[in-house]
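Naming: A, B, ... by sequence-line order, numbering from 1 per chain. These numbers were taken from a predicted model, which means no experiment stands behind them.
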Protein chains: 2
Amino acid sequence: MDTGTAAPRRRMRADARRNYERLLAEAATAFAEYGAEFSLEEIARRAGVANGTLYGHFPSRRALLEALMGDRMRALATAGHGLLTHPSPFAGLTAWADAAMAHATVYRGLGSALMQAIEDETSELHTACEAVLAAGEGLVARARTAGEVRPEVTAADLYALINAAAWAGEQSSRQQGERLLAFGLAGLRTPSTPAPTDHGATP
Amino acid sequence: MDTGTAAPRRRMRADARRNYERLLAEAATAFAEYGAEFSLEEIARRAGVANGTLYGHFPSRRALLEALMGDRMRALATAGHGLLTHPSPFAGLTAWADAAMAHATVYRGLGSALMQAIEDETSELHTACEAVLAAGEGLVARARTAGEVRPEVTAADLYALINAAAWAGEQSSRQQGERLLAFGLAGLRTPSTPAPTDHGATP
DNA sequence: AACTATATCGAGACAGTCTCAACTTTCCTA
DNA sequence: TAGGAAAGTTGAGACTGTCTCGATATAGTT
């Protein structure tokens, strides 16, 4: 497990580590500018290394993108744990979903990678995804116990909802994405509950 | 308006029409086989025409894909109109959503194009999308009048939900997509309603 | 200082997108 | 039905991007 495609394993040589970090930094810049479709060739050029060096560190575009997202994902998982003590289980879940969607929105175009990383154990992001999923599961379980969400709701449902809403937000408008998230969350609720916490789906 | 990028306008020359249709047929085959990422070069080769001929008919991959989806979209709009007489407004809406999602699932990878075509008036698909949206609006309006969905729900919400669910289905599993759709539809409902028509989100 | 594992280099094979000037075909009309 | 203009086709080639690999350079060790 964790066949780190590009992670700094053991101990890298000093020059290797420097290049690794430069590449990652340039990738972050390029990503912010162009989204996920930047040219790998250009990243190498901007980082001042040869083409092959990039491929040495990151065998594929996806490996590079995954390395880029790892930290954020872990932060999200941590945030989820913090919200376990929120007074209202469902409100906590909602707050986390909002944060997660904000995250997914920044990483526009990568929702696909996020969704697939769950199933793909060879992915660099797999463990990070599992951590996020575990955090989600904690929140869902708590809300379920409190009778605030339908019993059949899983963390995977929540995860899918968040990513799908973020995707919709990218495709049309941010608001549309947020509306979708709001409706989706409403759909997770136990049917009879008359909605004590309004999430704000009203335009 | 309707600056058909590749539509058979006026009258095409016999050879042009033949090539146009061959290209479309090959594209359909390739799409079924590889999804939206097939090589345009290969389509031309398979259709027995030169590279440039393809670009003459379809200036971009997207134009080709759009031409491919037009018919289906129109069929979807028609189906929506038919469901306006369904005994239960919400059930009609649900049935249509299911059909629409099945459609979006077949055209995997094209949800993005579908979502963007609404806003992009230069898209070949724009009018088809508007027709679908109008059909959705009819169903939503009816359910709204019957008090079965929240007053703030729009056809755009429904459209976004369907496409997002289809996307989720592509990314992880078909069932996950269906679950998301079910939860989303539940979220569109008027909160107090105890759910007369169960859509089957339970695993 | 010599050695070796570890990295980097960069040319080049390959695949795809897209353009355009020369050429060919269709079809209209006289 | 011959001739010519408009419409369409062709395919080489410019370009961009991905990825590989043998030659070469360097860091860290003894």
request  = Answer yes or no: does a side-chain N or O of A:His57 lie under 4.0 Å from OP1 or OP2 of C:dT8?
outcome  = yes
task = Would you indicate, yes or no, if C:dA7 has its OP1 or OP2 atom less than 4.0 angstrom from a side-chain nitrogen or oxygen of A:Asn19?
result =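 Answer is no, no contact under 4.0 Å.
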[X], nearest nucleotide to its side chain (from [options]):
X       : options                : result
B:Glu41 : D:dT9, D:dT20, C:dG16  : C:dG16
A:Asn51 : C:dT26, D:dT10, C:dA11 : C:dA11
A:Thr53 : C:dT26, C:dC9, C:dT17  : C:dC9
A:Ala50 : D:dA6, C:dC18, C:dG10  : C:dG10
A:Ser39 : D:dT18, C:dG10, C:dT25 : D:dT18

Contacts of B:Glu42 that satisfy side chain to side chain donor-acceptor pair (under 3.5 Å) - sequence neighbours left out = B:Arg46
note = 5'-most contact on DNA chain C (nearest-nucleotide basis), A:Ala16 vs B:Asp15, goes to A:Ala16
Check: C:dT17 base within 3.5 Å donor-acceptor of B:Arg61 side chain =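 A donor-acceptor contact between them is absent.
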Rounded to whole Å, please give me the gap between [atom1] in [X] and [atom2] in [N].
X       : N      : atom1 : atom2 : answer
A:Tyr55 : C:dG12 : OH    : P     : 18 Å
B:Arg13 : D:dA5  : CZ    : P     : 15 Å
B:Phe58 : D:dG8  : CZ    : P     : 13 Å
B:Tyr20 : C:dT25 : OH    : P     : 24 Å
A:Met12 : D:dA27 : CE    : C1'   : 14 Å
B:Arg18 : D:dA7  : CZ    : P     : 18 Å
B:Arg11 : D:dA6  : CZ    : P     : 19 Å
A:Arg62 : D:dT18 : CZ    : C1'   : 17 Å

Indicate every side-chain donor-acceptor pair of residues 73-85 of chain A with a distance under 3.5 Å to a residue at least two apart or in another chain.
unit_1, atom_1, unit_2, atom_2, d
A:Arg74, NH2, A:Asp71, OD1, 3.4
A:Thr78, OG1, A:Arg74, O, 3.0
A:Thr85, OG1, A:Gly82, O, 3.1

query = If you measure from the Lys or Arg side-chain nitrogens to the Asp or Glu carboxylate oxygens, is any gap between B:Arg174 and B:Glu178 under 4.0 Å?
reply =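 Looking at B:Arg174 and B:Glu178, the cut-off is met.
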query = Hey, are A:Arg45 and A:Glu41 close enough for a salt bridge, meaning a charged N less than 4.0 Å from a carboxylate O?
reply =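 No, this pair does not count.
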Atom pair CD/CD of A:Gln171 and A:Gln176 - distance to nearest 0.5 Å =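 A:Gln171 CD to A:Gln176 CD: 11.5 Å, rounded to 0.5 Å.
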